[in-house]
Amino acid sequence: MIKNKVVVITGASSGFGRSTALLLAQNGAKLVLGARRENRLQELVSEITVAGGEAVYAVTDVTKQENVEALSQTALAHFGRIDVWINNAGIMPQGLFMDNDVAEWEAAIDLNIKGVLYGISASLPQMAKKQSGHIINLASVAGVMAHAGTGVYSATKWAVRAISEALREETAQMDGDIRVTILSPGAFNTELVNSVHNDKFQAGVEDFYAKVGITADRVATTIKQAIDLPDDTSWNEVIIRPTKQVL
Ligand SMILES: NC(=O)c1ccc[n+]([C@@H]2O[C@H](COP(=O)([O-])OP(=O)(O)OC[C@H]3O[C@@H](n4cnc5c(N)ncnc54)[C@H](OP(=O)(O)O)[C@@H]3O)[C@@H](O)[C@H]2O)c1
C-alpha cells in the first residue's frame, strides 16, 4: 500500500515526476523530490503540503553522483528510510548518427544511464539493510524498438531495461522483498519534447505528440498501481501507450 511509504522521485519538477508526486501524496505517501529547477520543486512541495500531504525536496542534478547521494540523505534525514526510489529524470534527444552530435550523445548517456545507476547506488544498500524496497526505472517504448534518429535515446533506454533486469535477478536472490519495475511509456504530453533540439526531428516529434499524446497522469496511475501490489508481487515490466499509438 502507498500510505506512509517514503518515495523518492528524480525529475519531479514536471511531467511524470510531478504528476506521480501529486497522486502518491494524495494517497498518503511521503515524498522526497529531486530536480534542478528549485522554483518548480518549491511550488510542488507547497501544493502538496497545502493539500495536507508531506513532501520535501533537494535540488538534484542526477548526472552528479554527490547530488543523488544528497537526495537519498535528505530522505533518510526527514523520514528515516526509503521505500520506493523512482529513477524518472531523463531527456529524449533525437538525431541521425550522421548529424554527429557527440555532446548530445554524452548528455543522454550521463543523464539517462548514469543517473539511473547513481539512483540505484543511493537507494539499494539501505533497501538491502531493511530487506524491503522498490526501485522503479523509467525506460521507454524507444527502449524496445529503435528507428533512424532514435539510436542514442533508444540505446540509453535499452540500457535502463538491461540494468533493471539484472537488478531484478540480483534482488530476487537477496533477503526480503525488493521489487524492481521497468516502466516503458509511449507518447505522453509532458515537457519531454523540449529536449528534442535537432531541427530535422523537432517539428515531427511535436506533431506526433500533438496527434497521439495523452496526459501524464495515466503514467502516475500505473506507478501507483505497481507500488500498491503486495510486496511479494512485482510488475517487472510494463509498456504503456496511448491506445491510438501505432509504433
Ligand atoms: N513523455 C513521454 O512520452 C515519455 C515516453 C517514454 C519515456 N519517458 C521518460 O519518462 C521520464 C520522464 O519524462 P517526462 O516525459 O516526464 O519529461 P519532462 O516533463 O521533461 O520531465 C523530465 C524531468 O527530468 C528532469 N531533469 C532533466 N535533466 C535533469 C538532470 N540533469 N538532473 C535531474 N533532473 C533532470 C527535469 O527537471 P529539471 O529540468 O528541473 O531538472 C524534469 O523534471 C524520462 O526518463 C523520459 O525519458 C517519457
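First listed ligand is number 1; within each ligand, the first listed atom is number 1. Values reported hereafter were calculated over all heavy atoms of this structure, with side chains retained and with hydrogens, waters and symmetry mates removed.
G186 counts as a contact of ligand 1, since one of its heavy atoms falls under 4.0 Å from the ligand. Within the 4.0 Å heavy-atom shell around ligand 1 one does not find G34.
At under 3.5 Å, not a single nitrogen or oxygen of S140, backbone or side chain, sits near a nitrogen or oxygen of ligand 1. Residue L192 has at least one nitrogen or oxygen atom sitting less than 3.5 Å from a nitrogen or oxygen atom of ligand 1, judged on distance alone. For a threshold of 3.5 Å applied to N or O pairs, the pair formed by L138 and ligand 1 contains no separation below that value. Inclusion of A187 in the set of residues having an N or O under 3.5 Å from an N or O of ligand 1 is not warranted. Distances between N or O atoms of F188 and those of ligand 1 include at least one value under 3.5 Å.
Of all protein heavy atoms, the one closest to atom 37 (O) of ligand 1 is S13 OG, 2.8 Å. With respect to atom 6 (C) of ligand 1, the closest heavy atom belonging to the protein is P185 O, 3.2 Å. Closest protein heavy atom to atom 32 (N) of ligand 1: V62 N, 2.9 Å. The protein heavy atom nearest to atom 25 (C) of ligand 1 is G11 CA, 3.6 Å. The nearest heavy-atom contact from the protein to atom 7 (C) of ligand 1 is A139 O, 3.1 Å. Of all protein heavy atoms, the one lying nearest to atom 14 (P) of ligand 1 is T190 OG1, 3.4 Å. Ranking protein heavy atoms by distance to atom 34 (N) of ligand 1, first place goes to A89 CB, 3.5 Å. Protein heavy atom nearest atom 31 (N) of ligand 1, with residue, atom name and distance: D61 OD1, 2.9 Å.
For atom 12 (C) of ligand 1, the candidate residues are N88, V205, N67; the nearest heavy-atom contact is made by N88. Across K157, M92, R36, heavy-atom proximity to atom 29 (C) of ligand 1 is greatest for R36. Taking each of F16, Y153, Y118 in turn, the one with a heavy atom nearest to atom 46 (C) of ligand 1 proves to be Y153.
Taking every heavy atom of E191 and a limit of under 4.0 angstrom, the matching atoms of ligand 1 come to 18 (P), 19 (O), 20 (O). If you number the atoms of ligand 1 from 1 as listed, the ones under 4.0 Å from a heavy atom of G15 come out as 16 (O), 19 (O). Close contacts between ligand 1 and G90 involve ligand atoms 22 (C), 24 (O), 44 (C), 45 (O) [criterion: under 4.0 Å to a heavy atom]. Applying the 4.0 Å criterion to heavy atoms of R37 picks out, from ligand 1, the atoms 36 (C), 37 (O), 38 (P), 39 (O), 40 (O), 42 (C). In the vicinity of Y209, heavy-atom distances shorter than 4.0 Å reach the ligand 1 atoms 2 (C), 3 (O).
A distance-only check finds no donor-acceptor pair linking the side chain of T63 to the backbone of D61 [under 3.5 Å]. Proximity of a side-chain donor or acceptor of T49 to a complementary backbone N or O of E54 within less than 3.5 Å is not detected. Checked by atom type and distance alone, the side chain of T171 pairs as donor or acceptor with a backbone atom of R168 at under 3.5 Å. In terms of modelled atom types and a separation under 3.5 Å, the side chain of T156 and the main chain of Y153 share a donor-acceptor contact. Proximity of a side-chain donor or acceptor of N112 to a complementary backbone N or O of I91 within less than 3.5 Å is detected. Checked by atom type and distance alone, the side chain of S164 pairs as donor or acceptor with a backbone atom of V160 at under 3.5 Å. Without hydrogens or angle criteria, T181 side chain to W235 main chain gives a donor-acceptor distance under 3.5 Å.
Neither the backbone nor the side chain of S184 comes within 4.0 Å of ligand 1, counting heavy atoms alone. Residue contacts with ligand 1 for L111 involve side-chain atoms from C-beta outward but no N, CA, C or O (heavy atoms, distance under 4.0 Å). Counting heavy atoms closer than 4.0 Å to ligand 1, residue T60 contributes backbone atoms (N, CA, C, O) but none from C-beta onward. Counting heavy atoms under 4.0 Å from ligand 1, residue S14 touches it through both backbone and side chain.
N189 and Y209 get closest at one heavy-atom pair: OD1-O, 3.4 Å. Listed here is the closest heavy atom pair of F208 and L247: CZ-O, 4.4 Å.
In this structure the side chain of I223 never reaches within 4.5 angstrom of the side chain of L23, judged on heavy atoms. A heavy-atom distance below 4.5 Å is not found between the side chains of T215 and F188.
If you check the side chains of Q73 and E69, you find a donor sitting under 3.5 Å from an acceptor.
Under the salt bridge (charged side-chain N to carboxylate O under 4.0 Å, His left out) criterion, K211 pairs with D207, not counting sequence neighbours. For R81, the salt bridge (charged side-chain N to carboxylate O under 4.0 Å, His left out) partners at least two apart in sequence or on another chain are D83.
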- prompt: Does the salt bridge (Lys or Arg N to Asp or Glu O under 4.0 Å) test come out yes or no for R18 and E47, once each step is laid out?
  reply: CA-CA 11 Å; R18 180 183 151 76; E47 193 173 338; 3.0 Å; yes
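Between E43 and R40, no side-chain nitrogen of the basic residue sits less than 4.0 Å from a carboxylate oxygen of the acidic one, so the salt-bridge criterion is not met.
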